Amino acid sequence: MSETGAGTEGNASYGRKPFKRSTSHFADRITADGRDGRPVEAGRYRLVVSRACPWASRALVSRRLLGLEDALSLAVADPIQDDRSWRFTLDPDGRDPVLGIRFLHEAYDARESEYPGGVSVPAIVDIPSGKLVTNDFQRITLDLATEWTALHRPGAPDLYPEALRDEIDEVMEGIYRDVNNGVYRAGFASDRKEYERAYEDVFRRLDLVSERLEGRRYLVGDTITEADIRLFTTLVRFDAVYHNHFKCNRYKLTENPVLWGYVRDLYQTPGFGDTVDFDHIKRHYYEVHTGINPTGIVPMGPDLSGWLTPHGREELGGRPFGDGTPPGPPPPGEEIPAAGRP
């Protein structure tokens, strides 16, 4: 599952018990035809995220690229959660202004009382009922790309083109297992062998991805796809948290010319970097995971200025948005504060 609002005991347990990512408990789909009882409808649903969470960040990028900001409103949780789950302390009076709740667990409880699992983001909540609809982080972005098309902006890219889906799925499966989830397996490993297996998986896959990207701008085809979004949200966090905090330190991303160029290319593409808050990312990992960082001290680095330097990836060709166009600037109120960007 995606990032959960674990309590104090849960935070302290990271790195002290075997890590296993659970499946999404609530997997209702919001579809164009409403076949699961949840039809796509502008203004009906609210996307709840933490900008710290890589799984939630997938939905942030997809929403921006597809131009769904007006159709699917956004709630941003505090990067530091307490024992009652993700909290809306960034909002006036500590309450989400649309859902009227202080903690995301309230939407979970409205859906299923006494729910025993973790309270995770991303989550989509039905505004009229206040009930959670889905926390299926693997499916949410695919449905945004394929089921919400009637509400896409003019010029929205096709992030999951039908002709390339088999290849995209294959690429994403390896990246999810070894990179997206691999860094967590390394960071939360409870013994040396578990850590070493995860570490080797991470860098074996990064080497394969680097070879793939050496002569092509994007992972599949010549445009940005869902595969790039899923890799980006891990790579953008790599030097800031995974290299040190999760002990994935064979090399920094800045030391791999291909991956460093690739991730900067995406970061500088509208819809990617303008969703990234490095301040939220660092504070969440270093302050919440007390089991592996008991002091709670947040490192001052790394230097972020390199994210805006030329990457040279245009020479490989490719058309970021295919026949479409880039998204406009972030809506008012969704801009990243100065503390969170280069």
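One-based numbering along the sequence shown. On a predicted model such as this, the values are computed, not experimentally measured, just so you know.
Residues N135 and S120 bring a donor and an acceptor atom of their side chains to less than 3.5 Å of each other. No side-chain N or O of T275 forms a donor-acceptor pair with one of R51 less than 3.5 Å apart. Remark: the T325 side chain and the R153 side chain contain an N/O donor-acceptor pair separated by less than 3.5 Å.
More than 12 heavy atoms of other shown residues, nucleotides or ligands fall within 6.0 angstrom of atom CG in D33. For E112, the CD atom is densely surrounded, since the number of other residues' heavy atoms within 6.0 Å is greater than 12. Counted within 6.0 Å of CD on E214, heavy atoms from surrounding residues, nucleotides or ligands total 12 or fewer; the atom is thus considered open.
Centroid-to-centroid, the aromatic rings of Y115 and F26 come within less than 6.0 Å. For F88 and F103, the ring centers are positioned 6.0 Å apart or more. When ring centroids are compared, Y262 and H311 stay outside the 6.0 Å threshold.
Look at D96 and R46 and you find a salt bridge, because one of the NZ, NE, NH1 or NH2 atoms lies within 4.0 Å of a carboxylate O, short of that distance. In summary, R102 and E106 do not engage in a salt bridge, as defined by a charged side-chain N under 4.0 Å from a carboxylate O. Taking a cutoff of 4.0 Å between a charged side-chain nitrogen and a carboxylate oxygen, R165 and D169 do not qualify as a salt bridge. Under 4.0 Å is where a charged nitrogen must lie from a carboxylate oxygen, and between D191 and K193 no such pair does. In summary, E314 and R319 do not engage in a salt bridge, as defined by a charged side-chain N under 4.0 Å from a carboxylate O. Salt bridge present: D178 and R205 bring a charged side-chain N and a carboxylate O closer than 4.0 Å. Between E194 and R185 no salt bridge is recorded (no basic side-chain N to carboxylate O distance below 4.0 Å). Ion pairing of R341 with D277 is absent here, as no side-chain N (NZ or NE/NH1/NH2) approaches a carboxylate O to less than 4.0 Å. Checked for salt-bridge contact, D70 and R63 miss the test: no charged N lies under 4.0 Å from a carboxylate O.
None of T233, V121, L60 except one satisfies the side chain to side chain contact (heavy atoms under 4.5 Å, CB included) rule with C53; the exception is V121. When D265, T223, D222, D228 are each tested for a side chain to side chain donor-acceptor pair (under 3.5 Å) with R217, only one passes: D265.
Annotation: side chain of N249 is not in contact with side chain of N244 (no heavy-atom distance under 4.5 Å). The closest side-chain heavy-atom distance from V263 to W307 is below 4.5 Å. Side chains of F278 and V276 form a contact here, defined as non-hydrogen atoms less than 4.5 Å apart. Side-chain atoms of L99 and L104, non-hydrogen and from C-beta on, never get closer than 4.5 Å to each other. With contacts defined as side-chain heavy-atom distances shorter than 4.5 Å, the pair Q81/S50 does not qualify.
Judged as a salt bridge (charged side-chain N to carboxylate O under 4.0 Å, His left out), the pairs with a partner in residues 248-259 (not counting sequence neighbours) are, in order, D207-R250.
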### Task
Could you check D136 against T134 for side chain to side chain donor-acceptor pair (under 3.5 Å), going step by step and ending with a plain yes or no?
CA-CA 6 Å; D136 189 349; T134 178; 5.1 Å; no
